[in-house]
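Structure first, then comments.
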Amino acid sequence: MGRRKKIVQECEKLMDKPEQIRNIAIAAHVDHGKTTLTDNLLAGAGMIADEGEATRLMMDTEEDEQERGITIDAANVSMTHEYQEKNHLINLIDTPGHVDFGGDVTRAMRAVDGALVVVDAVEGAMPQTETVVRQALREGVKPALFINKVDRLISELQEGPEEMQQRLTDVIGDVNELIRGMTQDMDNVEDWTVSVEDGTVAFGSALYKWGVSLPSMQETGMSFGDIIELERADKRMELHEKTPLSNVVLDMVAEHFPNPLEAQPHRIPRVWRGDADSDLAHQMRDVDDDGDVVFMVTDISMDPHAGEIATGRLFSGTIQKGQELYVSGTAGKNRVQSVGIFMGGEREELDRGVPAGNIAAVTGLRDAIAGSTVSSLEMTPFESIEHISEPVITKS
Ligand code: GDP
């Protein structure tokens, strides 16, 4: 069996195990390293051949696969990652890097349960960091922090261990200040903050592919001093091999971000104002794959072969080909033409249905727009997604 087929099979298996699924977004101020980190994770998970080549996927070159027409969708990528002897399906939704697209960032947040916030160690938290953290928390999405470009503190700014530690502590403090300010009305504010001690903060260099967290340092035995020494001596390859960024970050994702079963009970009341005692409410909170279909569209993209693809989060039921579904705000129903999942950055059509808790890619929903609620029974649609406007910041 080819490598690609094996990965598809593995993803299909994991689709039915919600406790092993993590739906996440990476969000950052422009230039803080979101793209470099994403490439890193995909390469680390074996989904692309090498960093910086997200379009050259590692796959079989069999004829039929060429003919099928491969869709690269940079906005949605999925990968598998083994953590504590269990494989995990990690669905990563891209958030646009530019503040202009605030609306899209929020839409992406609706589909996910965890947000990896990337902050440049040199620049610190910036206006868009605040925006993405606000968007995540408003949607009930749990943040974790990756402090990037730490190589620059060591090699360019020549900071010593104490200075560096102080700077990292300041970044964490600033991010937590934002979080505390935004969660005052929520239960248990400290559950939303990030910390080195509980493993919800990692730092490193997306460019040189190394990263560390407290759990990873305990595992590898690497100290702050070891890292500084290797980085200073330009032994970045060794650093990458000893403590690869993708492992550290994906372990953090698997350990600290909630799976759909943990996330949906508290997320549904935040984003849906329908009757909390109804069967439908229970089905959504319980991620019931036998329940009514409830699918929230977060993105519409165009495929030259398949036409319009509606991507979104399935909160309840199993979505499959041939179903006739209501689309909020429109009359009549649309018929599902195909359903698929993402694998690497490609959409893979499946012969079977996609169960609740997953990110699905659906064709045939011609009336749907980003933000539509698509369902097998008429229902109160999800809360509309608030757009947070802010001043446009241009790249220098
Ligand atoms: P995005 O706008 O958040 O997607 O940022 P990119 O991933 O495109 O990175 C912006 C710039 O920062 C690029 O020139 C990257 O090469 C650089 N960069 C990203 N990560 C690192 C890092 O860890 N260290 C250094 N020194 N540069 C980095």
Side-chain angles (χ1 to χ4, degrees), residues 24-44 48 50-55 72-77 92-102 104-105 108-109 115-133 135-136 143-159 164 167-168 171-172 175 201-213 216 222 224 227-228 230-250 252 345 390 392-396:
I24 70 162
I26 300 185
H29 188 83
V30 66
D31 270 350
H32 281 198
K34 180 167 59 90
T35 313
T36 315
L37 175 65
T38 305
D39 284 351
N40 234 280
L41 300 185
L42 274 171
I48 58 172
D50 198 5
E51 292 84 358
E53 296 182 72
T55 48
I72 308 293
D73 188 336
N76 304 287
V77 293
L92 171 62
I93 305 274
D94 189 28
T95 58
H98 199 279
V99 281
D100 264 356
F101 302 121
D104 286 350
V105 176
M109 290 296 176
L116 187 59
V117 178
V118 179
V119 176
D120 179 329
V122 181
E123 273 198 356
M126 293 290 278
Q128 210 195 345
T129 313
E130 180 171 348
T131 307
V132 295
V133 170
Q135 285 161 330
L145 176 64
F146 175 64
I147 307 179
N148 191 29
K149 306 198 188 182
V150 173
D151 60 283
R152 290 189 60 202
L153 300 184
I154 302 167
S155 301
E156 234 177 276
L157 305 181
Q158 297 281 318
E159 290 187 349
M164 208 172 103
R167 198 188 276 264
L168 298 175
V171 172
I172 298 165
V175 170
V201 174
F203 53 91
S205 167
L207 187 63
Y208 299 119
K209 307 172 207 167
W210 60 263
V212 284
S213 63
S216 88
M222 300 270 291
F224 238 55
I227 292 159
I228 293 177
L230 288 170
E231 173 63 41
R232 281 236 173 96
D234 210 359
K235 290 186 177 162
R236 288 157 171 160
M237 199 53 177
E238 193 178 327
L239 202 44
H240 161 64
E241 278 161 10
K242 283 196 164 138
T243 183
L245 174 62
S246 55
N247 263 353
V248 172
V249 169
L250 293 176
M252 181 164 83
E390 58 184 312
V392 172
I393 294 162
T394 45
K395 273 194 182 191
S396 53

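What's counted below: heavy atoms across the whole structure, side chains too, no hydrogens, waters or symmetry copies. All ligand and atom numbering here is 1-based and tracks the order in the structure.
- Listed for the Asn40 side chain is a donor-acceptor partner under 3.5 Å among the backbone atoms of Ala206.
- Donor-acceptor pairing under 3.5 Å is lacking for the side chains of Trp210 and Glu241.
- Every residue two or more places apart in sequence or in another chain that forms a side-chain contact (heavy atoms from CB on, under 4.5 Å) with Arg167 is listed here: Leu153, Leu157, Glu159.
- Residue-ligand proximity, Asp151 to ligand 1, at heavy-atom distances under 4.0 Å covers atoms 22 (C), 23 (O), 24 (N), 25 (C), 26 (N).
- Those atoms of ligand 1 with a heavy atom of Lys34 less than 4.0 angstrom away are 1 (P), 3 (O), 4 (O), 5 (O), 7 (O).
- The shortest non-hydrogen separation linking Val118 to His32 is CG1-O, 3.5 Å.
- Interatomic distance, Asn247 CG to Ser216 OG, rounded to the nearest 0.5 Å: 9.5 Å.
- With respect to the salt-bridge test (charged N to carboxylate O, under 4.0 angstrom), the residues Asp234 and Arg232 do not qualify.
- Using a 4.0 Å cut-off between heavy atoms, Thr36 contacts ligand 1 through both its backbone and its side chain.
- Once rounded to the nearest 0.5 Å, the distance linking CD of Gln128 with CD of Gln135 reads 8.0 Å.
- Remark: ligand 1 and Gly33 share an N or O pair separated by less than 3.5 Å (distance only, no angle test).
- Here Asp31 has heavy atoms under 4.0 Å from ligand 1 in both its backbone and its side chain.
- Heavy-atom contacts of Arg152 reach the following atoms of ligand 1: 26 (N) (cutoff under 4.0 Å).
- Here Leu168 contributes atom CG and Ile147 contributes atom CD1; the two are 5.0 Å apart, rounded to the nearest 0.5 Å.
- Considering backbone and side-chain atoms alike, Leu37 places every N or O at 3.5 Å or more from each N or O of ligand 1.
- With a 4.0 Å heavy-atom cut-off, ligand 1 is reached by the backbone of His32 but not by any atom from C-beta on.
- Annotation: Asn148 places an N or O atom under 3.5 Å from an N or O atom of ligand 1; distance criterion only.
- Neither the backbone nor the side chain of Ala28 has any atom closer than 4.0 Å to an atom of ligand 1 (non-hydrogen atoms only).
- Listed by number with element, the atoms of ligand 1 under 4.0 Å from a non-hydrogen atom of Ser205 are 22 (C), 23 (O), 24 (N).
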